[in-house]
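For clarity, every value in this text was computed on a predicted model and none was experimentally measured.
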Amino acid sequence: MRIAVTFENGNIYQHFGHTETFKFYDTENGDITNFSLVKTNGEGHGALSSFLLQNHVDVLICGGIGAGAKNALEDAGIKLYGGVTGSADSAVIAFLAGKLQFNPAVKCDHHHEGEHHCGENKHGCGGND
């Protein structure tokens with residue numbers, strides 16, 4: 001199984017649509033067999049979901065994520081564990097142990113900050129709350 005985690009400075013990056021780096025973990029029988037840092041080749045939920053699909057990802061662990069991204073991941077058959085914070089490595093270890101704390105109702109929570117305007121689709125989340 002391949003697990004991807006939105007990644008920044010060792011931690012889970014909190015905005016899926018802006019992810020610049022994923023940490024991929026290859027696992028077998030509940031153990032991590034390999035990991036790598038991979039730069040993304042796009043921004044926005046469509047490009048990033050396709051990127052994960054092309055890299056044979058089965059599971060995504062991330063922080064905030066909008067409804068459009070959730071739908072794209074579901075369409076790609078990628079299992080989502082959102083609303084997770086803290087260390088990327090610790091989250092994967094917890095996932096493999098069946099103990100990952102995540103929020104199944106996670107939503108993109110960055111709206112109405114700074115220059116983001118819902119509905120403009122600037123950040124790849126389609127303005128979904």
Side-chain angles (χ1 to χ4, degrees):
M1 170 186 352
R2 176 168 274 182
I3 303 166
V5 180
T6 55
F7 189 82
E8 183 178 60
N9 298 321
N11 291 312
I12 298 165
Y13 184 64
Q14 292 300 301
H15 188 153
F16 175 76
H18 284 211
T19 302
E20 294 180 3
T21 305
F22 285 105
K23 189 167 184 180
F24 289 162
Y25 300 80
D26 294 314
T27 67
E28 190 173 314
N29 299 321
D31 294 319
I32 298 169
T33 58
N34 191 33
F35 63 88
S36 58
L37 294 177
V38 181
K39 294 285 187 187
T40 64
N41 57 3
E43 182 177 297
H45 70 262
L48 294 175
S49 296
S50 293
F51 178 80
L52 294 174
L53 184 61
Q54 291 167 1
N55 282 280
H56 311 288
V57 169
D58 302 295
V59 170
L60 170 67
I61 298 172
C62 68
I65 187 167
K70 285 182 179 181
N71 292 337
L73 292 167
E74 184 177 337
D75 290 347
I78 298 171
K79 180 81 172 151
L80 171 64
Y81 293 84
V84 183
T85 61
S87 162
D89 292 348
S90 295
V92 171
I93 291 166
F95 170 78
L96 292 171
K99 297 179 180 180
L100 181 64
Q101 298 293 315
F102 71 100
N103 178 1
V106 68
K107 62 181 181 178
C108 188
D109 62 0
H110 71 280
H111 296 287
H112 308 294
E113 294 177 11
E115 295 182 8
H116 182 86
H117 302 283
C118 289
E120 286 186 2
N121 200 18
K122 283 184 174 181
H123 300 292
C125 57
N128 298 304
D129 286 333

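Nearest approach of His56 to Arg2, heavy atoms of both residues: O-CB, 3.4 Å. The nearest pair of heavy atoms linking Val57 to Ala4 is CG1-CB, 3.7 Å. Met1 approaches Asp58 most closely through the heavy-atom pair CA-OD2, 3.3 Å. Nearest heavy atom pair, residue Ser87 against residue Ile12, reads O-CD1, 4.1 Å. The heavy-atom pair separating Ala91 from Leu100 by the smallest distance is O-CD1, 3.6 Å. Between Leu53 and Ile78, the shortest heavy-atom distance links the atoms N-CD1, 4.0 Å.
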Quiz item: Please walk me through it: do Thr40 and Thr21 pass side chain to side chain contact (heavy atoms under 4.5 Å, CB included)?
Solution: CA-CA 6 Å; Thr40 64; Thr21 305; over 6 Å; no
Exercise. Apply side chain to side chain contact (heavy atoms under 4.5 Å, CB included) to Glu20 and Phe7, showing your working.
Key: CA-CA 8 Å; Glu20 294 180 3; Phe7 189 82; over 6 Å; no
Practice problem: Apply side chain to side chain contact (heavy atoms under 4.5 Å, CB included) to Phe24 and Leu52, showing your working. | Solution: CA-CA 10 Å; Phe24 289 162; Leu52 294 174; 4.0 Å; yes
Quiz prompt | Verdict with supporting geometry, Cys62 and Leu80, side chain to side chain contact (heavy atoms under 4.5 Å, CB included) | solution = CA-CA 8 Å; Cys62 68; Leu80 171 64; 3.7 Å; yes
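To the nearest 0.5 Å, atom CD1 of residue Ile32 and atom CD1 of residue Ile93 are 5.0 Å apart. To the nearest 0.5 Å, atom NE2 of residue His15 and atom OG1 of residue Thr6 are 10.5 Å apart.
Donor-acceptor pairing under 3.5 Å is recorded for the side chains of Asp89 and Tyr25.
Side-chain atoms of Ser50 do not come within 3.5 Å of backbone N or O of Ala47 as any donor-acceptor pair. Side-chain atoms of Thr33 come within 3.5 Å of backbone atoms of Asp26 as a donor-acceptor pair (strictly under, hydrogens ignored).
Between Lys79 and the choices Val59, Ile3, Leu73, Leu60, the side chain to side chain contact (heavy atoms under 4.5 Å, CB included) rule is met once, by Val59.
Tyr13 and Ile61 fall into different hydrophobic clusters, where Ile, Leu, Val, Met, Phe, Trp and Tyr side chains are chained together by heavy-atom contacts under 4.5 Å. Phe16 and Val5 sit in two unconnected hydrophobic clusters of ILVMFWY residues. Membership requires side-chain heavy atoms under 4.5 Å apart, directly or through other members. Phe22 and Ile65 fall within the same hydrophobic cluster, defined by Ile, Leu, Val, Met, Phe, Trp and Tyr side-chain heavy atoms under 4.5 Å apart, directly or through other members.
For the pair Lys99 and Phe95, the cation-pi criterion (under 6.0 Å, within 45° of the ring axis) is not fulfilled.
Environment of CG in Asp75: crowded, with over 12 heavy atoms of neighbouring residues, nucleotides or ligands closer than 6.0 Å. The environment of Phe35 atom CZ is sparse: at most 12 non-hydrogen atoms of other residues, nucleotides or ligands sit within 6.0 angstrom.
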